[in-house]
Every structure is written in C-alpha cells, then in structure tokens.
Amino acid sequence: MAAEKSSIKIITLIAADGSVFEVEPNIVKEMKTVQSYIDELDQNTVSIPLPNVFGNDLAMIIEYCKKHASEEETKEAKEEFDFEFVKRMKSDDKLRLLQAASYLNMESFLQFMAKAIAAEIENQSVEFVRDYFQIESDFTPEEEAELRKENEWAFK
Amino acid sequence: MVGTISSTNKIQRHNVGDMKDMISDLPEGVLLYILSLLPIKDAVRTSILATKWRNLWTCLSTFDFKTVCSRYESNNRYPNSANFLLDLVERLLHQSTSIQSLCVQIFGMAIDAQKINYLLYFASKHKIQCLTLSLVDRNDKLVALPNFSAFESLNELYLGLNSTLYVPTGTCFPRLKTLAVSNVTFADEKSAQRLFSVCPVLQELTLYNCYWKNIKLISITNSTLRKLTIDFDAKCLGYHFDDCTVKIDAVNLLSLKCTCNPTIEFIPVNLTSIVDAWIYLGCHNPEGELYAANCAIKLLSGLSSVKSLKLSQDTLECLYHAKATIHHLPSFDNLTHLYVHSGNSDGTNKVVMDIIRKTPKLEFLQIPAVVLNCLNDGDLFLNSVPWCFKISLNILCILNFRGDEYEIQFVRFFLNNATFLREIQLFCSRYLLADSKKAEDVRKKLQHDSQGNCVFKFYFQLL
C-alpha cells in the first residue's frame, strides 16, 4: 500500500470557480486538508475539489508552495520571493488567502499571511482595524464607551 | 483510475464571494495568533471591535506591557497611565487562565505601591511561568511579596523594583529556576536571606545593584544554585565601607561572576563544585586598601576548587596591598586556566606570579602584556621557575604584544623553561600590525628560537 501511495504522480485540485490545477504530490504536503484525503485513498491519480478556494487564490498558494518546496532555491531567494509576494497583494487578497490557508490547514503559510496582516494593522486605530477586517460593531455606543474606559490604558 | 472526492461533511462550502467580516469566522486560534503578533496595546484595543473580540485578547499566553508616564500626566486631567495599566493587569489576572508569561515595565514614578502588591498577590494564584516586574525609576515605595503564597508554576522571575522589597514568611517559589533581582533595597536582613532560601530548585541567580541600607548582610544559602552573578556598582554601598557582607553558601555552584566594589566582604562557604570564576573587583578608596585586600584574599581562598579563573587588573591591584598575607592563598589544585585582563604594572605582575606558584596544574595562561624589565627582577622568575611550567603549562597567551626586544626575551624565557609549551598566542597591538617588516622579523625570530617545538599564533587585537 505504501508503494502504491508513493506512485501517485499528479494531484488535480479543482477550485471553487471550476479552474483546475495539476500539481506534484510534494506541493500539497503543506496542505494538511488535502493531504489527509490523499492518505485515505490509494489511487494513482487524485482529483480534489476545493469549494472554498477561488482559482486566483489557489494559483497564488501553489506558486508559494512551489517556491518553498524547491530545494534549489536559497533561503535569501525565498525571502525575496516572500517580500514580493506580499507586496503585490491588496488587503482583501491577504484576508482571503488567510482564510484559504486556515481551510487548507497550511501551518507555515497561515503564519506567513497572519504576519502580513498583523503588519498592516499594527499601531492603527480601532476604526482602521474595523474597516480593514470589515467588522460591524454590535456594541451600543454606551457599551463601547464603557469598554474604552475599562481598558483606558490602551486608548491613550 | 481517477478518484474524485465529492463535497463531503469534511469539506464544507461557505460563501467565498461574501467579504462581509470573514475574519471573525476564522478559528479563534488563528485570530489569537494575529493578536500575538501585535504590540499588546493594539491587542487590547481589539476588545471594542465587536462582542466576539471583547475578551479574545485575554486568552493570549504572553503579555508584554510597557508604559511611560510622562511628567505631564501628574495633573488631574491625565491621571497617570501607570496606574491605569496596573488596573488593567489586575483585571487580566482575574479573568484569564492562560497567562504563561507576564511582563510589566513602568517608566515613571507615580505608581501606587498597593497596586504592585496586588499584582504580585494575584500573579501567585496563576500558572505563570515567567514574570517580569520592572519599575524603572527610583522610588521610595515598599513592595511586599505576598505572604504564605506559593508561586506554583513560576520558572523565571525578574524583579527590577527600584524600591524597598519585603519578603515575608511563607512566600515560596517551589519551581523557580532563574531569579534576577535588580535595584532593590531589602527591607530588612530577613528579607535579604529569605528570598534566596525559599527557592528549592533555583539554578541561576543574578543580583544587580542591591543597596546596603537596612542591612549589613546578604546571605545566599542555596544548595541547588549553579550560576551566580553579582554586579554591584559603588553607589550600592552604605556609609561605612567595611559594613557590607555577602555570604555565599552554595555547594553545587559551578559558576560565579563578581563585579563589585572590593570592600564588600565575601564569605564563601562550601563552594566545592565551582568551575568558573570571574572576579572583577573595581576601584577602591585608599583608606580601605588593606581591608579590601583582605576581602579579596578571603574571596579567592573560598574558590580553591576552581578550574578557570578570570581576574581583572583591579583585583590584582587589590591583592597587591595584601603582600604580607598573599601567601595565605590556598593552592588552586584544579586550576587549569588563568586569565588576567587588561592593564599591567610591576606590582600586579608579582601578584600574578604568586598565584601561578599556587597553581600546580596550570595549562593555559593569559596575561595582559609583558612588563618592561620584568625579567630583571630576580624574584619574579629566575630564582624559582613555577612548578606548573615544568609539568603542565602548554598554552601561553599574551595580549598587547608589540614585538619589542624585552617581550621577545620574555617569550624566550617561556620557551626555555616551560617544558610542555606547545602554543603561544600573541594578540598584536596596532603598533606591531602597522609595521609589517617588524612583525615579520618577530615571527622569524620566535620561530627560530622555538626550534619547531611550539606553534605561534598571531591575532589582531580588537580594542
């Protein structure tokens, strides 16, 4: 059975919008959600639908995984890639990718996106953060005033 | 064969197109991870984003609070933020069950000591592993550890109080491995003893500037202690220079680092496991010279088991004033490495020689420089070559080497008398480095003299 598993050559990932990605098994290792399906099956080829991830996002995730799975790339080249990777993203992209990383259960990519997001909201006002995350407050103005007073140290 | 997984329970579909607040849907662990990357002030502010976020920050495990209260805050309009912070931390301690590491640093004077005492009391009820409490500005507050309280999980404690510390009976730290106390005035002698005896598994202790007010003796009695660092500057001392004593009774102590005024009297007891010692006694006032010398002798006498000893120039100068009693030093039977740092004078060279005569197994000797004419002084070497030269010395290291003739003679003396010398390390001064012809000459001369029995290593001296 172990031999059969190792004979899997190509994994097909199908994104929410129907776009199809064919990748080598080592690329999906980091995606624990996908990996657990592969482990359950013993077929040569697997095709996995990912209804919670858009094609554009999946393409980016695969690009990231390919770069980081590569043994030829130096540490510096990977860091340079990470830097450019984040630079070309809008905040919406980061949030969607964070969600995708959470859903695909990708530990290091999740941490990477969380860091990118934390860097954007660091030292920002509550209003900015609410806007950034598109959170609608469910506090009454009185409740909010009360909380501000309680945690006054953080609002000075 | 193509295997296709259809949407199952495990892969749940949700609205990918809906951007409405998708952050709050993420698992709490992910949100907490983001909060953990933010400065604590930002994390606390997320409490008013929405109900879901209200207490989320209190579930973090590491809290690093720092506050600066400026002088402008002393008026009523901006009451002092240090006290706001202490209130916040107290509420956190009531609410959270997940704190592993808590650090509270306050720059500014206007704190309420009672709030600090509460903080310590509530912290003792938590499973905190690492606690740092640092009041950066000097104040006249009295901070008391909670009595009859055990800090059950505490592993590391850093107390930088700039205040008076009272240690009552019954406080204990059953798991504390690392303790650092800085800028503390002990409330009484009992406090200065208790703190170190209520830590049954303590391994590392650092005392940085403890003030000799209210006390004459700091007593460190601890059988598990492995590493002790004492760093007191001159302003720690009381009115009388001969009134300050540190007793160290630590049978398992491996490493001791002392940087302090030489008029502090050390009483070393049972230091039979000691391996490394750094003794850097600072400058002293002329009236206490002899007293300081005897203190230094007493301290070194307690370190006779040491394997590696590092001495500062000041320490040697101190010992020089004890010429009459230096022969009371015990034999350092385990000492293999002796480092003498910085400076040099005829007097201290004699002291170094006196020590070398007490080290029958010395293998490595580092000296700060060669003193001019030191070979002409009959006492120094020529009358009797130290025993270790004949049986154990194999590496000599000389700092500030200039390549002058008297230095070469000095090295030659070692080549002739140290039977097992196999390596000489010369840290060249910039004068020698600047003169490449001289450097080459020196190298040739020395290599010729050693007849291949000894390796010379030349280094740049980094100043």
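Throughout, a chain's letter reflects where its sequence line sits, starting with A, and its residues are numbered from 1.
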**Q** With a 4.5 angstrom heavy-atom cut-off, is it the side chain or the backbone of L26(B) that approaches chain A, or both, or neither?
**A**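 For L26(B), the contact with chain A is made by the side chain alone.
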**Q** Let me see the working for Y158(B) and S134(B) under side-chain contact (heavy atoms from CB on, under 4.5 Å), right down to the final yes or no.
**A** CA-CA 8 Å; Y158(B) 176 80; S134(B) 176; 4.2 Å; yes
**Q** Taking the side chain as every heavy atom from C-beta outward, state whether S163(B) and L135(B) have any pair of such atoms under 4.5 Å apart.
**A**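 S163(B) vs L135(B): side chains touch.
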**Q** Check each atom of S137(A) against the heavy atoms of chain B and say whether the ones under 4.5 Å are side chain, backbone, both or neither.
**A**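 Both backbone and side chain.
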**Q** Return the option, out of V30(B), T51(B), L88(B), with the maximum number of heavy-atom pairs under 4.5 Å with chain A.
**A**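 Most pairs with chain A among the choices: T51(B).
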**Q** Which region of D57(A), side chain (C-beta onward) or backbone (N, CA, C, O), has a non-hydrogen atom less than 4.5 Å from a non-hydrogen atom of chain B, or is it both or neither?
**A**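 Interface part for D57(A): neither.
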**Q** Counting only heavy atoms closer than 4.5 Å, note whether Q111(A) contacts chain B via side chain, backbone, both or neither.
**A**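 Contact with chain B is through both the backbone and side chain of Q111(A).
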**Q** Return the orientation label for the F128(A) and Y132(A) ring planes: parallel under 30°, perpendicular over 60°, tilted otherwise.
**A**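 Parallel: the ring planes of F128(A) and Y132(A) meet at under 30°.
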**Q** What are the two closest heavy atoms between V28(A) and Q35(A), and how far apart are they?
**A**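 In this case the closest contact between V28(A) and Q35(A) is O-OE1, 3.7 Å.
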**Q** Sort Q124(A) into side chain, backbone, both or neither according to what part of it lies under 4.5 angstrom from a heavy atom of chain B.
**A**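 For Q124(A), the backbone is the part near chain B, not the side chain.
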**Q** State whether the number of non-hydrogen atoms from other residues, nucleotides or ligands found under 6.0 Å of K52(B) atom NZ is greater than 12.
**A**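 Yes, enclosed.
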**Q** If the threshold is 4.0 Å, N to carboxylate O, is there a salt bridge linking K94(A) and E120(A)?
**A**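 Yes.
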**Q** Using non-hydrogen atoms and a limit below 4.5 Å, what part of residues 31-45 of chain B faces chain A?
**A**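 At a heavy-atom separation under 4.5 Å, chain A is reached by Y33(B), I34(B), L37(B), L38(B), P39(B), I40(B), K41(B), D42(B), V44(B), R45(B).
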**Q** Is there a side-chain contact between L49(B) and E136(A), using heavy atoms and a 4.5 Å cut-off?
**A**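 The answer is no, as the side chains (C-beta and beyond) never meet within the 4.5 Å cut-off.
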**Q** Is the centre of the F112(A) ring less than 6.0 Å from the centre of the Y64(A) ring?
**A**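 Judged by ring-centre distance (under 6.0 Å), F112(A) and Y64(A) do meet the cut-off.
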**Q** State plainly whether the residues R130(A) and E144(A) are in salt-bridge range, i.e. N to O under 4.0 Å.
**A**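 Counted as a salt bridge, because a side-chain N and a carboxylate O are separated by less than 4.0 Å.
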